[in-house]
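Working notes, structure below.
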Amino acid sequence: MVTALKGKDILGLEEVEPEEIQLILDTAESMKEVSERDIKKVPTLRGKTIINLFYEPSTRTRTSFEIAGKRLSADVVNISTSASSVVKGETLKDTGRNLMAMKPDLLVIRHSAVGAPRILADALPIPVINAGDGAHEHPTQALLDLFSIRERKKTLNGLKVAIVGDITHSRVARSNIHGMTKMGMEVRVAGPATLLPRLVERLGVAVFTDLDRAIEGVDVIMMLRIQLERQEQSLFPSLREYSRLFGLNLRRLEGAKKDLLIMHPGPMNRGVEISPEVADGPYSIILDQVTNGVAIRMAILFLLLGGVSTGA
Amino acid sequence: MCPKEGMARMNQKEVAEILDGQGVERTLTRIAHEIVEKNKGAGNLVLIGIRSRGVHLARRLASRLKEIEGIEIPVGALDITLYRDDIGEEGFQATVRKTDIPFPVAGKAVILVDDVLYTGRTIRAALDAIIDLGRPRLIQLAVLIDRGHRELPIRADYVGKNIPTSRSEEVQVMLEEEDGKNGVMIFKG
């Protein structure tokens with residue numbers, strides 16, 4: 001059993017081993033308990049400085065990282081670049097170097113360019129966590145999704161999951177596909193053909209353009225947010241048609257397993273990809289995902305800053 | 001017991017048995033009686049074991065206290081990994097297990113239970129952890145083995161056995177719940 005993460009960073013689930021995922025999930029269980037106390041604090045990362053460098057807007061993820069750091073007694077600094085020198089044209093590497101001069105212990109970065117976290121991770125000696133890079137990966141989201149499923153189902157191996165929506169533009173989908181296949185889950189992706197990446201089956205997933213067939217017999221359905229911009233890019237004709245063909249509603253769930261789980265990374269377009277009755281219904285674990293996000297991020301901060309890397 | 005010591009003993013030679021299974025049982029019975037005597041009964045008492053072997057010892061003490069005083073004593077499990085003073089250092093192992101203390105500690109007489117008392121750093125971490133959960137009326141410490149070499153001003157209220165050791169030795173408490181048998185061994189380096 002592995003007791004430390006292999007690398008100094010978490011940039012994506014593509015390069016993470018199943019044992020490391022297991023370690024993160026197990027550690028998150030203990031972290032979740034801290035969030036249930038009256039005093040939601042442990043002194044573990046006291047004196048450590050964590051910088052959240054968000055080049056793209058975010059409320060959920062950034063707040064989650066901030067709370068996670070603070071519950072471990074770390075000092076957390078949030079930088080949203082719209083209000084920073086990046087607006088004046090500072091390069092990513094320069095921003096990184098300037099921040100390093102203030103001696104932070106860990107950097108969390110969200111950026112619209114794929115690979116931006118890796119550039120910083122290679123350039124800086126401190127751990128870097130990818131909070132989302134373009135359409136590439138969002139590893140902490142996938143980890144909290146895996147944790148949320150495991151919490152209900154006790155085991156991940158052999159579970160059938162359908163990820164539905166704009167797979168092409170979804171870093172959440174990509175990270176989940178990597179993570180879920182590594183943990184032995186059977187993954188299906190479903191969406192309009194215009195929003196399914198070419199050769200996606202090479203990631204080890206089954207591909208569907210019919211939602212009803214895709215969700216037949218599954219244990220978990222993960223709905224992705226459809227973005228209005230994609231309609232403007234002519235990738236689907238109208239929200240109404242998208243909703244009719246790929247929206248999840250109660251009628252579609254008539255034959256579903258009793259212990260089906262419905263997930264969504266948020267924010268939801270109620271009435272578009274997911275109906276309000278489903279979003280607020282008995283299968284939904286959407287709010288659990290948010291709670292678990294804090295526990296997972298606490299676990300990752302602890303493992304990167306506390307555990308000794310085996311350097312493999 | 002320190003996780004660091006764990007695997008090292010496999011490579012060490014001479015082994016001596018300090019306590020056998022029966023010795024462990026008798027010692028726990030004696031400690032249970034001492035707890036009752038010192039606290040004038042078992043009222044308002046709670047047991048908190050330090051993961052992982054302290055938890056098994058706490059449960060065994062709870063069942064003895066029930067036999068002696070007829071009261072059900074709540075038992076909690078405490079993981080101190082998040083309170084350690086060596087996080088991020090060489091040799092630190094990041095295995096966190098869940099703390100499970102399903103009762104309030106405020107106002108209670110807490111008996112903290114661990115298998116081996118050595119440098120005292122684990123107990124220091126445990127005290128910080130418990131006090132974060134509430135303000136106990138008092139905290140007392142029960143250990144099966146005290147092997148000396150304190151690095152902090154910490155002492156136990158109840159000691160199963162005092163074993164003078166050298167730093168190169170390892171003390172291993174084995175309990176049926178975890179190791180399949182009961183006993184205390186000393187491994188000479």
Side-chain angles (χ1 to χ4, degrees), chain A residues 1-8 10 19-20 22-50 68-74 105-106 125-127 147 151 295-296 298-311, chain B residues 1-8 10 46 48-52 54-55 75-108 110 121-136 152 178:
Chain A
M1 197 198 74
V2 71
T3 55
L5 296 177
K6 297 204 167 92
K8 81 163 168 75
I10 295 279
E19 302 79 52
E20 294 178 279
Q22 183 81 20
L23 174 64
I24 294 170
L25 299 186
D26 290 342
T27 305
E29 289 217 31
S30 311
M31 296 301 181
K32 193 165 177 177
E33 181 269 322
V34 174
S35 296
E36 282 155 14
R37 303 180 184 181
D38 278 344
I39 297 181
K40 299 171 188 41
K41 222 184 230 311
V42 287
T44 321
L45 297 181
R46 196 173 67 95
K48 300 288 185 193
T49 303
I50 295 172
K70 285 178 170 170
R71 289 203 173 145
L72 293 169
S73 296
D105 298 286
L106 185 146
I126 57 173
F147 182 80
E151 193 176 35
I296 279 285
M298 285 172 76
I300 293 170
L301 291 175
F302 169 69
L303 289 168
L304 289 178
L305 287 172
V308 177
S309 155
T310 60
Chain B
M1 183 178 122
C2 256
K4 282 182 221 181
E5 299 173 2
M7 291 300 114
M10 300 297 201
V46 298
I48 295 182
I50 298 178
R51 283 208 190 273
S52 55
V55 181
V75 178
L78 178 65
D79 184 280
I80 55 106
T81 315
L82 300 178
Y83 285 81
R84 291 176 63 121
D85 61 5
D86 59 350
I87 294 168
E89 285 181 22
E90 197 61 47
F92 174 75
Q93 285 190 24
T95 317
V96 195
R97 278 168 283 220
K98 225 174 134 180
T99 286
D100 183 16
I101 301 180
F103 47 80
V105 299
K108 297 282 196 313
V110 174
R121 292 182 190 271
T122 299
I123 303 303
R124 194 280 316 159
L127 292 175
D128 281 351
I130 291 173
I131 288 171
D132 268 359
L133 297 173
R135 187 175 193 270
L152 296 173
E178 199 161 314

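The model shown is predicted, which means the values in this text are computed figures rather than measured ones. To find a chain, count down the sequence lines: A is the first, B the second, and so on, and within it residues start at 1.
Checking each of Leu72(A), Thr44(A), Ile296(A) against Met31(A) for a side-chain contact (heavy atoms from CB on, under 4.5 Å) leaves exactly one that passes, namely Leu72(A).
Heavy atoms closer than 4.5 Å to chain B are found nowhere in Lys32(A), neither backbone nor side chain. Of the atoms belonging to Asp79(B), not a single heavy atom falls under 4.5 Å from chain A. No part of Ile101(B) comes within reach of chain A, as not one of its non-hydrogen atoms sits under 4.5 angstrom from that chain.
A salt bridge links Arg84(B) with Asp86(B): at least one charged nitrogen is closer than 4.0 Å to a carboxylate oxygen. Ion pairing between Arg121(B) and Asp85(B) holds under the 4.0 Å rule for side-chain N and carboxylate O.
Rounding to the nearest 0.5 Å places CZ of Phe103(B) at 4.5 Å from CD1 of Ile48(B).
Contact tally against chain A (heavy-atom pairs below 4.5 Å) for Val96(B), Leu82(B), Leu133(B): the top residue is Leu82(B).
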